[in-house]
Amino acid sequence: MKVILTADVKGQGKKDQMVEVSDGYARNFLFPKKLAIPADSKSINEMKNKEASRQHKIDVERQNAIDIAEKLKDIVVTFEYAAGPDKRLYGSVTSKDIAETLEKKFGISIDKKKINLAVPIKSFGRFSADAHLFTGVVGKITVEVTSKQ
């Protein structure tokens with residue numbers, strides 16, 4: 001008997017997957033515990049629609065991430081910091097600072113956990129940071145640190 005699983009079932013498959021099981025297993029275990037539904041034309045159609053919807057959502061998120069990565073190429077995030085006599089900053093520029101500045105000045109919302117700095121920014125100059133926006137989509141952020149006048 002073909003059934004569509006409504007939850008993960010050990011040894012059978014994952015949720016929203018169509019599997020072949022014995023009639024007794026389906027009637028006596030899966031159906032009473034609401035772990036599966038019969039695979040009729042209506043439920044198969046619903047399963048295909050769910051999968052298409054999920055895929056569309058992933059495609060939209062990927063395209064949004066690509067658009068943000070394109071915007072980030074042209075943006076330079078500038079910070080003004082005070083420094084000691086040896087030209088080292090008091091403190092450092094963190095991924096949180098970069099995320100907040102992108103949100104305030106440019107309206108681009110990126111989670112601070114997705115911004116990776118190759119080295120800690122503790123001096124003046126121009127640096128590069130990676131923003132992992134989506135699986136396989138990485139944006140480059142240019143960070144410039146100048147001294148306070």
Side-chain angles (χ1 to χ4, degrees), residues 1-81 88-146:
M1 171 184 277
K2 286 190 181 243
V3 296
I4 297 174
L5 300 176
T6 56
D8 291 354
V9 178
K10 189 174 182 177
Q12 295 300 323
K14 300 279 184 187
K15 181 179 178 183
D16 294 329
Q17 187 177 17
M18 187 167 28
V19 294
E20 180 78 30
V21 296
S22 69
D23 291 352
Y25 183 62
R27 274 195 311 268
N28 296 323
F29 182 75
L30 295 176
F31 294 158
K33 293 188 181 242
K34 303 208 184 318
L35 295 174
I37 56 174
D40 57 0
S41 60
K42 179 184 171 196
S43 58
I44 291 172
N45 195 21
E46 285 178 8
M47 181 182 72
K48 287 180 181 175
N49 288 341
K50 262 187 198 178
E51 179 60 30
S53 172
R54 188 183 67 77
Q55 188 60 43
H56 176 71
K57 183 179 176 186
I58 289 171
D59 292 343
V60 167
E61 287 179 12
R62 181 183 310 278
Q63 189 56 47
N64 288 342
I66 291 169
D67 293 343
I68 290 173
E70 288 297 318
K71 286 181 189 176
L72 289 176
K73 286 182 183 177
D74 304 328
I75 292 176
V76 177
V77 182
T78 307
F79 293 97
E80 286 188 358
Y81 275 91
R88 290 184 50 87
L89 300 179
Y90 294 131
S92 65
V93 178
T94 63
S95 58
K96 179 181 176 186
D97 298 332
I98 295 170
E100 288 174 354
T101 303
L102 282 171
E103 179 73 44
K104 273 190 230 168
K105 290 186 178 179
F106 304 104
I108 298 173
S109 178
I110 299 175
D111 186 18
K112 69 179 183 179
K113 295 173 190 160
K114 294 184 178 185
I115 298 174
N116 291 344
L117 298 169
V119 293
I121 301 175
K122 295 185 177 192
S123 60
F124 297 124
R126 201 168 252 242
F127 302 91
S128 179
D130 293 335
H132 296 277
L133 304 169
F134 196 79
T135 305
V137 179
V138 179
K140 298 285 184 187
I141 303 171
T142 305
V143 180
E144 187 172 11
V145 182
T146 60

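In this chain, residues are counted from 1 in sequence order.
Remark: the backbone N or O of K73 is not paired with any side-chain donor or acceptor of T142 at under 3.5 angstrom. Listed for the S92 side chain is no donor-acceptor partner under 3.5 Å among the backbone atoms of K122. Remark: the backbone N or O of K71 is not paired with any side-chain donor or acceptor of D74 at under 3.5 angstrom. In this structure a side-chain-to-backbone donor-acceptor pair under 3.5 Å is missing from R27 to S22. A donor-acceptor contact shorter than 3.5 Å links the side chain of N28 to the backbone of G24. At distances below 3.5 Å, at least one donor-acceptor pair connects side-chain atoms of T6 with backbone N or O atoms of K34. Remark: side-chain polar atoms of T78 are not paired, donor with acceptor, to backbone N or O of T146 under 3.5 angstrom. Remark: side-chain polar atoms of Q12 are not paired, donor with acceptor, to backbone N or O of V9 under 3.5 angstrom.
Nearest heavy-atom pair, L89 versus I121, reported as atom, atom and distance to 0.1 Å: CD1-O, 4.0 Å. The minimum heavy-atom distance between F106 and V76, with the atom names listed, is CZ-O, 4.0 Å. Counting all heavy atoms, side chain and backbone alike, Y90 lies closest to Y81 at O-CD2, 4.5 Å. Residues I141 and A131 approach most closely at CD1-CB, 3.8 Å, considering heavy atoms. Considering all non-hydrogen atoms of both residues, V3 and A26 come closest at CG1-CB, 4.1 Å. When all heavy atoms of G139 and A69 are compared, the pair lying nearest together is CA-CB, 4.0 Å.
Not counting sequence neighbours, E20 has no partner by the salt bridge (Lys or Arg N to Asp or Glu O under 4.0 Å) test.
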Check against side-chain contact (heavy atoms from CB on, under 4.5 Å), I98 and V93: CA-CA 7 Å; I98 295 170; V93 178; 4.1 Å; yes

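The shortest distance between side-chain heavy atoms of V138 and L133 does not fall below 4.5 Å. Counting heavy atoms from C-beta on, the side chains of L102 and I75 come closer than 4.5 Å. Side-chain contact between L5 and K14 is absent, with no heavy-atom pair separated by less than 4.5 Å.
The salt bridge (Lys or Arg N to Asp or Glu O under 4.0 Å) analysis of residues 43-55, with sequence neighbours excluded, yields the pairs D16-K50, E51-R54.
Taken to the nearest 0.5 Å, the CZ atom of R62 stands 13.0 Å off from the CG atom of D67. Note that CD of E103 is 4.5 Å distant from OG of S109, once rounded to the nearest 0.5 Å. Note that the CG atom of L35 and the OH atom of Y25 stand 7.5 Å from one another [nearest 0.5 Å]. Rounding to the nearest 0.5 angstrom, the gap separating the CZ atom in F134 from the CD1 atom in I58 is 6.0 Å. Taking NZ from K15 and CD1 from I4, the interatomic distance works out to 12.5 Å, rounded to the nearest 0.5 Å. Interatomic distance, NZ of K96 versus OG1 of T101, reported as 11.5 Å (0.5 Å rounding).
No side-chain donor-acceptor contact under 3.5 Å links Q63 and D59.
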Listed pairs under 3.5 Å, donor-acceptor, residues 110-117 side chains, sequence neighbours left out:
{"residue": "N116", "atom": "ND2", "partner": "H132", "partner atom": "NE2", "Å": "3.1"}

